[in-house]
There are 2 protein chains.
Amino acid sequence: MIAVMSGTDDSGDTAKWVVDVFDKNCPSRHTHELVSGKWGSLALVALREGTYRFNALRRRVDGVSEKMLSQTLQGLERDGMVVREAQNTIPPHVEYSLTPLGRRVADRQFAIIELLEGEYDEIVAARERYDAK
Amino acid sequence: MIAVMSGTDDSGDTAKWVVDVFDKNCPSRHTHELVSGKWGSLALVALREGTYRFNALRRRVDGVSEKMLSQTLQGLERDGMVVREAQNTIPPHVEYSLTPLGRRVADRQFAIIELLEGEYDEIVAARERYDAK
DNA sequence: GGGTTGTACTAACTCTGAGAAAGTACTATC
DNA sequence: GATAGTACTTTCTCAGAGTTAGTACAACCC
């Protein structure tokens with residue numbers, strides 16, 4: 001899949017360029033790795049359930065370290081997938097939620113999880129067949 | 001999302017257990033990381049285009065090392081996502097293709113890539129807004 | 001009133017696993 | 001005869017994932 005973009009390139013000229021995750025130099029690769037990655041995908045799907053505070057999300061996404069959660073949330077915010085709303089209080093109170101775009105990505109990530117969980121017996125069977133050899 | 005499975009647990013008894021990617025100890029986590037990961041997702045989506053030989057796939061999935069490609073293909077084969085067909089010749093000739101289940105996962109991965117590539121201008125805009133702060 | 005727990009992080013350190021490079025055992029082409 | 005290509009595996013190295021500790025308070029318990 002290849003998409004064409006218009007904008008400004010290094011030379012400062014208006015140009016068309018191609019968005020293609022299969023190209024290792026395409027900046028969309030970075031976003032793809034973020035939203036598909038281990039923690040990014042789980043964070044997005046969790047946020048489909050509603051607004052989460054930092055530590056609540058950390059408990060929901062079992063196994064994330066604080067470092068990785070804050071790192072991926074910053075990335076997701078930067079790429080317009082989540083919104084961060086902080087009340088300037090002590091103790092801090094920060095809420096994370098999905099943007100419309102984040103919701104669309106999260107829905108598609110959920111479809112994958114739903115499929116994997118639903119067909120998990122088939123996966124286990126395949127694995128047993130493979131290991132038997 | 002939570003799915004219920006029946007099978008044999010550690011004690012040897014038939015038991016019901018819950019498949020839940022959000023649980024760090026659930027074995028489905030492993031499959032999810034494999035098919036959603038950087039190389040797993042791209043390999044699956046590439047194989048939607050048809051059968052690929054090892055090195056052709058390596059050229060298609062720009063940036064994978066041979067080690068990582070062979071590692072993820074083995075994982076995908078083990079989990080019943082791809083089939084590996086090797087002709088016992090020298091030089092070797094090996095073909096990789098999707099199983100029906102692999103195809104379903106790949107279609108969903110493709111939906112994500114399609115969305116990201118299509119909305120990439122929005123992502124770039126969000127990133128510029130974030131960095132301006 | 002003192003101790004513990006909780007909040008949302010960041011900074012420093014450790015250690016796993018991703019990536020690079022080289023080896024294999026041949027064949028086909030120049 | 002040399003070079004390129006096939007599908008890998010093995011070894012080595014370094015970036016990035018994960019762990020731990022620290023922050024600056026508030027709210028709860030005894």
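Owing to the predicted nature of the structure, the values given are computational and were not obtained by experimental measurement. Reminder, nothing fancy here: chain letters follow the sequence lines and each chain counts from 1. Heavy atoms only: backbone and side chains are in, while hydrogens, waters and symmetry mates are out.
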* To do: Kindly check if the number of other-residue, nucleotide or ligand heavy atoms within 6.0 Å of NE2 (A:His30) is above 12?
  =>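 12 or below, so no.
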
* **Residues within residues 68-90 of chain B bordering DNA chain D, heavy-atom distance below 4.0 Å** =>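 Heavy-atom cutoff 4.0 Å gives B:Ser70, B:Gln74, B:Arg84.
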
* Positions of residues 25-43 of chain A (non-hydrogen atom under 4.0 Å from DNA chain D), listed by number ->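 Per residue number, the list reads A:Lys38, A:Trp39.
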
* Quick one: do A:His32 and B:Leu42 satisfy side-chain contact (heavy atoms from CB on, under 4.5 Å)? Show the steps, please. => CA-CA 10 Å; A:His32 180 241; B:Leu42 291 179; 4.0 Å; yes

Interatomic distance, [X] [atom1] vs [N] [atom2] [rounded to whole Å]:
X	N	atom1	atom2	result
B:Lys24	D:dA17	NZ	C1'	15 Å
B:His93	D:dA7	NE2	P	7 Å
B:Tyr96	D:dT6	OH	C1'	12 Å
B:Arg59	D:dA4	CZ	C1'	12 Å
A:Glu66	D:dT23	CD	P	15 Å

* **Cation-pi check, B:Arg48 onto B:Phe110 ring (under 6.0 Å, within 45° of axis)** =>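 Judged by the rule, B:Arg48 and B:Phe110 form a cation-pi pair.
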
* Asked: Has A:Arg60 got its NZ or CZ under 6.0 Å from the middle of the six-membered ring of B:Phe22, at an angle within 45 degrees of the ring axis?
  ->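 Verdict for B:Phe22: a cation-pi partner in A:Arg60.
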
* Asked: Applying salt bridge (charged side-chain N to carboxylate O under 4.0 Å, His left out), which residue pairs with at least one partner in residues 71-90 of chain A are found, sequence neighbours left out?
  ->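 Counting only pairs at least two positions apart or across chains, the salt bridge (charged side-chain N to carboxylate O under 4.0 Å, His left out) contacts touching residues 71-90 of chain A are A:Arg78-B:Asp131, A:Asp79-B:Arg127.
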
* Look at the side-chain heavy atoms of Ile, Leu, Val, Met, Phe, Trp and Tyr, link any pair under 4.5 Å apart, and say whether B:Leu116 and A:Leu101 land in one connected group. =>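 Yes, B:Leu116 connects to A:Leu101 through the hydrophobic network.
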
Atom pair [atom1]/[atom2] of [X] and [Y] - distance to nearest 0.5 Å:
X	Y	atom1	atom2	value
B:Ser36	B:Gln109	OG	CD	4.5 Å
B:Ile113	A:Thr31	CD1	OG1	12.0 Å
B:Lys38	A:Lys38	NZ	NZ	13.5 Å
A:Arg29	A:Lys24	CZ	NZ	9.0 Å

* Are any of the side-chain heavy atoms of A:Thr99 and A:Val82 separated by less than 4.5 Å? ->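 No, side chains not in contact.
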
* Test side chain to side chain donor-acceptor pair (under 3.5 Å) applied to A:Gln74 - qualifying residues, sequence neighbours left out ->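 Residues passing side chain to side chain donor-acceptor pair (under 3.5 Å) with A:Gln74: none at all.
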
* With a 4.0 angstrom cut-off to heavy atoms of chain A, pull out the first and last contacting nucleotide of DNA chain C, in 5'-to-3' order. =>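 Endpoints of the contacted stretch of DNA chain C: C:dG6 to C:dA12.
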
* To do: Could you tell me which non-hydrogen atom of A:Leu57 sits nearest to which non-hydrogen atom of A:Ala43, and how far apart they are?
  =>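 Closest pair (atom of A:Leu57, atom of A:Ala43, distance): CD1-O, 4.4 Å.
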
* Asked: Which is true for A:Arg58 with a 4.0 Å heavy-atom rule: it touches a base, it touches only sugar-phosphate, or it touches nothing?
  ->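 The answer is nothing, as A:Arg58 stays clear of every strand by at least 4.0 Å.
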
* **Closest-nucleotide ordering on DNA chain C, the 5'-leading residue of A:Lys67 and B:Lys67** =>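 Result of the comparison: A:Lys67.
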
* For D:dA7, does OP1 or OP2 lie under 4.0 Å from any side-chain N or O of B:Arg53? ->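 True: B:Arg53 side-chain N/O within range (under 4.0 Å) of D:dA7 OP1/OP2.
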
* Using five pairs at either end of the helix from C:dG1-D:dC30 to C:dC30-D:dG1, determine the angle between the two local helix axes and round it to 10 degrees. =>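 Overall, the helix from C:dG1-D:dC30 to C:dC30-D:dG1 bends by 0° from one end axis to the other.
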
